[in-house]
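Worksheet: one structure, shown below.
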2 protein chains.
Amino acid sequence: MRLSRFPLSTTKETPADAEIVSHQLMLRAGMIRKLAAGLYTWMPLGLRVLRRVETIVREEMNRSGAVELLMPAVQPGELWEETGRWDKFGPLLLRFQDRHERNFCYGPTHEEVITDLVRREIRSYKQLPLNLYQIQTKFRDETRPRFGVMRAREFLMKDAYSFHLDHDSLAETYQVMYDTYSRIFERTGLHFRPVQADSGAIGGSVSHEFHVLADSGEDAIVFSDGSEYAANVELAPTLPPTRPRPAPAADMTTVPTPGVHTMDELAASLDVPLERCLKTLLVRGTDTPVVALLLRGDHSLNELKAEKHPAVAAPLTMADEAAIRQAAGCGPGSVGPVGLDVPLIADHAATVMADFVCGANRDGEHLTGVNWARDAGEPQPADLRDAGAGDPSPDGKGTLGVARGIEVGHIFQLGTTYSEAMDATVLDENGASKPVAMGCYGIGVSRIVAAAIEQNHDANGMIWPEAIAPFTVAVVGINMNKSEKVAAAAERIYQALLDAGVDALLDDRDARPGVKFADMELIGIPHRIAIGERGLDQGTVEYRGRRDTDNQDVAVDDVVDHLLARLGQ
Amino acid sequence: MRLSRFPLSTTKETPADAEIVSHQLMLRAGMIRKLAAGLYTWMPLGLRVLRRVETIVREEMNRSGAVELLMPAVQPGELWEETGRWDKFGPLLLRFQDRHERNFCYGPTHEEVITDLVRREIRSYKQLPLNLYQIQTKFRDETRPRFGVMRAREFLMKDAYSFHLDHDSLAETYQVMYDTYSRIFERTGLHFRPVQADSGAIGGSVSHEFHVLADSGEDAIVFSDGSEYAANVELAPTLPPTRPRPAPAADMTTVPTPGVHTMDELAASLDVPLERCLKTLLVRGTDTPVVALLLRGDHSLNELKAEKHPAVAAPLTMADEAAIRQAAGCGPGSVGPVGLDVPLIADHAATVMADFVCGANRDGEHLTGVNWARDAGEPQPADLRDAGAGDPSPDGKGTLGVARGIEVGHIFQLGTTYSEAMDATVLDENGASKPVAMGCYGIGVSRIVAAAIEQNHDANGMIWPEAIAPFTVAVVGINMNKSEKVAAAAERIYQALLDAGVDALLDDRDARPGVKFADMELIGIPHRIAIGERGLDQGTVEYRGRRDTDNQDVAVDDVVDHLLARLGQ
């Protein structure tokens with residue numbers, strides 16, 4: 001492509017309303033333009049990247065045996081009523097009526113439509129398994145769309161839905177999709193991790209998220225340094241400690257702590273580390289008015305985990321001040337396990353504390369030198385906190401680290417939730433009617449573009465992995481509109497690259513070299529060949545990779561081979 | 001593709017609610033499935049055809065120098081208010097409000113959005129000309145969606161918009177688009193015609209439609225047998241007659257015609273041909289209460305042409321009975337030009353009539369043997385009727401024929417209608433601000449699929465042109481699940497075709513040969529190779545083109561070369 005014929009519109013100013021770097025750079029590079037809140041036009045530069053991602057997704061989905069179709073974006077409300085989601089989905093679902101006042105929505109997802117299709121098309125187990133996908137525009141009416149295409153209202157998704165006679169077949173296709181997703185993200189050239197995930201609102205049980213790793217990621221994930229284990233930080237279990245509880249060494253002593261209400265205040269006033277303090281939280285119990293949840297002072301309660309404990313009433317409810325006073329005889333700042341007559345449930349890490357500090361169950365007083373068994377009875381051990389860096393990996397292999405990620409893919413084993421609600425059945429080998437088992441598999445195609453930038457940028461702009469770069473190499477003619485020699489060499493090299501199948505961009509604009517270089521860095525072209533009169537006089541041109549710190553002089557006749565050798569490295 | 005892994009769902013029954021053959025065949029072949037009125041899922045088979053058409057359109061648009069972008073489907077109502085179309089567009093425009101109660105629509109077209117983009121991005125004539133296009137889903141909330149994807153509510157469009165400093169530049173790009181559209185439709189392998197067209201509701205002046213010719217087409221178009229001239233039948237001018245008016249031969253005579261109200265009744269009651277009868281229509285005039293429009297009895301008034309006549313008041317309004325009685329002294333069934341004191345405007349063909357029949361301006365009476373000049377004064381000649389078969393071509397070359405067509409493309413010179421309404425200006429060479437001149441260019445991508453079927457089908461099903469066929473060749477193994485020999489040969493030929501770059505479909509289903517052949521004919525695969533034991537024993541397989549009437553025995557080792565030689569013929 002000749003840049004003189006390509007509408008590129010870059011700017012140096014960082015747009016005021018763009019909060020994250022991908023949004024800022026996409027606007028500065030002219031990849032997108034805002035039409036309204038959460039609605040973006042993909043400008044020619046941005047669309048080239050989007051299409052590259054889309055092509056990788058399509059090729060790998062086809063290779064997996066999935067078959068592409070295309071469902072309407074507009075969906076009848078009746079189908080959503082069958083699954084109960086017309087009411088449940090809330091205002092994220094953009095609803096409207098057509099001219100005949102029938103209810104429709106702009107689909108944020110297609111479980112209802114595909115299940116309706118399959119219940120009409122598929123009669124027999126012989127037609128299964130079947131994995132159907134589409135790459136299509138979806139809509140979520142976000143309250144506060146932000147972060148550019150990272151959380152837009154209108155966005156491009158790949159969504160696949162698989163159908164099976166039984167769970168084994170579902171599990172098999174689920175694994176194929178897991179592998180396919182891994183290949184897709186490998187091919188994009190991004191650092192990513194599949195992580196175990198909560199399946200959230202879509203329902204079902206087994207589910208994995210695929211995260212592009214970036215410091216700016218919204219989600220915290222833990223991963224093992226000794227295995228493939230990775231999980232959403234909220235979901236990763238913590239293991240019982242392997243080291244034994246130390247024997248008591250101190251005597252239990254009451255200390256006055258007037259005005260102390262928080263763990264930090266307690267540790268500071270007694271000058272002990274937070275991990276020597278015990279946190280006692282009273283919550284509503286299943287069989288008792290309250291139960292005590294006990295954690296190390298430096299640990300936070302994981303509410304999802306606590307809520308699943310049989311002694312804890314769901315939904316998790318903190319005891320109010322009256323209930324605390326009734327159970328402990330003091331306010332919430334001084335509660336502790338000593339002499340407390342409620343069930344004691346201690347996080348694994350808290351069960352091996354010794355000589356610790358805790359509330360005295362008297363306002364303005366705490367205890368030091370406290371020990372389980374001797375002073376406070378023996379608590380029930382449980383997993384009550386987020387996993388964190390340094391914890392042993394739940395699979396027993398290695399130690400956990402924490403990273404931040406951007407969710408770009410999500411796969412679910414839905415089971416029969418939708419097929420039962422919508423009566424999608426097939427006949428099995430014995431002629432019996434069975435609800436089909438379903439999986440669903442999403443990739444945020446437009447979101448990947450933003451995530452790639454979050455992961456790959458520097459002070460000068462974006463740095464595209466070759467596989468999804470808008471162009472592979474920029475050929476920059478320095479003052480080429482003034483020098484016939486430069487123009488001829490630039491044209492020759494550009495043409496030779498095209499002939500070699502390289503997607504080259506010729507910067508043939510009548511602009512200063514500094515402007516051209518800055519633009520090529522801002523838009524993140526992975527390779528650059530600069531051609532100037534001075535170099536040509538020596539028979540050389542300058543090569544520079546986008547991550548390189550220096551130019552490299554290359555003989556003008558060798559530069560195409562030089563570039564071909566660099567590609568894919 | 002192996003058919004055993006491809007969800008094909010054919011049926012012999014013609015669906016009751018499908019009125020036209022393309023809709024019937026697309027349903028029978030399982031290319032589409034209806035989700036709701038005017039909303040269709042493109043099944044895998046149909047999507048393959050849609051994508052082929054899309055690819056041809058994209059390649060030729062890129063070749064023309066147009067640059068692809070992607071605008072949101074959802075558009076803010078504010079922009080439509082700027083051009084006045086929020087009110088004007090009517091209920092075809094699907095309107096809704098987002099969660100914040102702001103007005104939006106699902107775009108049926110993108111003039112507003114692209115003009116808004118260009119007014120913000122383009123400042124200088126140096127950035128022009130610019131031609132931007134997208135291939136995208138659009139929505140028109142039709143009152144009565146019908147004919148399947150031919151007139152769906154949600155459909156796939158290619159829409160392009162060009163921007164220019166002046167009209168000359170617009171005319172140049174318009175010609176490039178005209179040529180590009182011709183290449184696109186040539187490449188699809190369809191018979192088509194570009195025709196001069198009325199620009200309808202979009203505004204502007206010069207415009208051409210591209211029609212796929214098919215007997216079932218909604219639009220009548222006239223074309224010359226001696227030149228490239230073609231036009232919408234309503235728009236083609238008719239020329240003044242070249243033959244002179246015959247001299248009067250009969251005397252004017254009054255005849256009683258009780259109960260005669262129509263031309264047909266008149267011709268029948270007097271036993272004269274319709275073309276000897278004169279039709280007199282009184283309509284509201286510009287300077288007179290009524291004017292008389294005079295046509296040969298076998299011709300129909302073209303209202304668009306009549307309305308443009310300076311003596312006729314716009315909008316065209318037929319005189320009511322009271323006005324007729326006041327002007328002619330009789331009811332509408334007996335009006336004629338003799339003694340009628342209103343302006344007489346006669347269609348060219350009517351000006352050379354002689355010894356004709358017309359109303360006597362007395363109820364229940366007509367005149368025969370009437371002649372212009374001698375009896376009825378001399379009328380003003382004008383072009384008042386549709387052109388028809390046998391008329392001379394308006395460009396003076398050849399004679400017109402009439403064909404029916406399906407509109408699949410439309411190009412317009414919009415001029416400055418939108419840029420003026422939305423204040424989209426650029427600075428010219430002298431630094432003066434000028435509204436940009438615009439062109440717009442649409443192709444109904446999904447509609448082409450249906451039009452191709454209307455043009456190419458027979459009693460057994462569809463007949464795809466190779467360029468847009470879902471698969472190029474079907475390899476049918478006869479009883480291949482029972483014969484290892486057949487299976488081996490079929491697999492070998494299938495693989496050899498794939499290796500040669502041919503998009504082959506292997507029918508490896510466990511089904512009877514008749515079922516397989518019927519399916520391959522129904523879905524219209526252009527070439528078929530059938531492999532059976534009996535043939536293999538003789539060293540042959542059967543080749544058959546979809547339009548062939550007989551099978552052809554081909555040596556099994558030659559069949560790939562045989563097919564390659566047939567491709568593109």
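Residue numbers start from 1 in every chain, and the chains themselves are labelled A, B, ... in the order their sequence lines are given, proteins ahead of strands. Since we're looking at a predicted model, the values are computed, not measured.
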Worksheet item: Picking from Phe104(B), Phe6(B), Trp42(B), which has the most non-hydrogen pairs under 4.5 angstrom with chain A?
Response: Trp42(B)

Discussion item. With chain A as the partner, which of Leu47(B), Leu94(B), Leu45(B), Leu132(B) has the greatest number of non-hydrogen pairs under 4.5 Å?
Written reply: Leu47(B)

Under a 4.5 Å heavy-atom cut-off, does chain B meet the side chain of [X], its backbone, both or neither?
X: Arg5(A); answer: both
X: Gln97(A); answer: backbone
X: Glu142(A); answer: backbone
X: Ile32(A); answer: neither
X: Lys126(A); answer: neither
X: Arg48(A); answer: neither
X: Leu92(A); answer: both

Reported [atom1]-to-[atom2] distance for the pair [X] and [Y], which is rounded to 0.5 angstrom:
X: Met71(B); Y: Met43(A); atom1: CE; atom2: CE; answer: 10.0 Å
X: Arg33(A); Y: Glu121(B); atom1: CZ; atom2: CD; answer: 4.0 Å
X: Tyr106(B); Y: Asp98(A); atom1: OH; atom2: CG; answer: 14.0 Å

Heavy-atom contact with chain A under 4.5 Å, split by part of [X]:
X: Leu79(B); value: side chain
X: Leu35(B); value: both
X: Leu156(B); value: neither

Worksheet item: Are any non-hydrogen side-chain atoms of Gln134(B) and Thr41(A) less than 4.5 angstrom apart?
Response: no

Interface residue of largest heavy-atom contact number with chain B, from [options], under 4.5 Å:
options: Gln136(A), Arg153(A), Gln127(A); value: Arg153(A)
options: Ser9(A), Ala36(A), Pro91(A); value: Pro91(A)
options: Val74(A), Leu39(A), Val113(A), Val67(A); value: Val74(A)

Worksheet item: Got a donor-acceptor contact below 3.5 angstrom from the Arg99(B) side chain to the Asp141(A) backbone?
Response: yes

Tell me the closest heavy-atom pair linking [X] and [Y], and the distance in Å.
X: His100(B); Y: Thr143(A); value: NE2-O, 2.9 Å
X: Tyr40(B); Y: Pro72(A); value: O-CG, 3.4 Å
X: Leu70(B); Y: Leu50(A); value: CD2-CD2, 4.4 Å
X: Ala37(B); Y: Arg102(A); value: CB-NH2, 4.5 Å

Worksheet item: More than 12 non-hydrogen atoms from neighbouring residues, nucleotides or ligands closer than 6.0 Å to CD on Glu81(B), yes or no?
Response: yes

Worksheet, complete the sentence: Sorted by chain and number, sequence neighbours left out, side chain to side chain donor-acceptor pair (under 3.5 Å) with Arg119(B) holds for Glu82(B), Asp116(B)

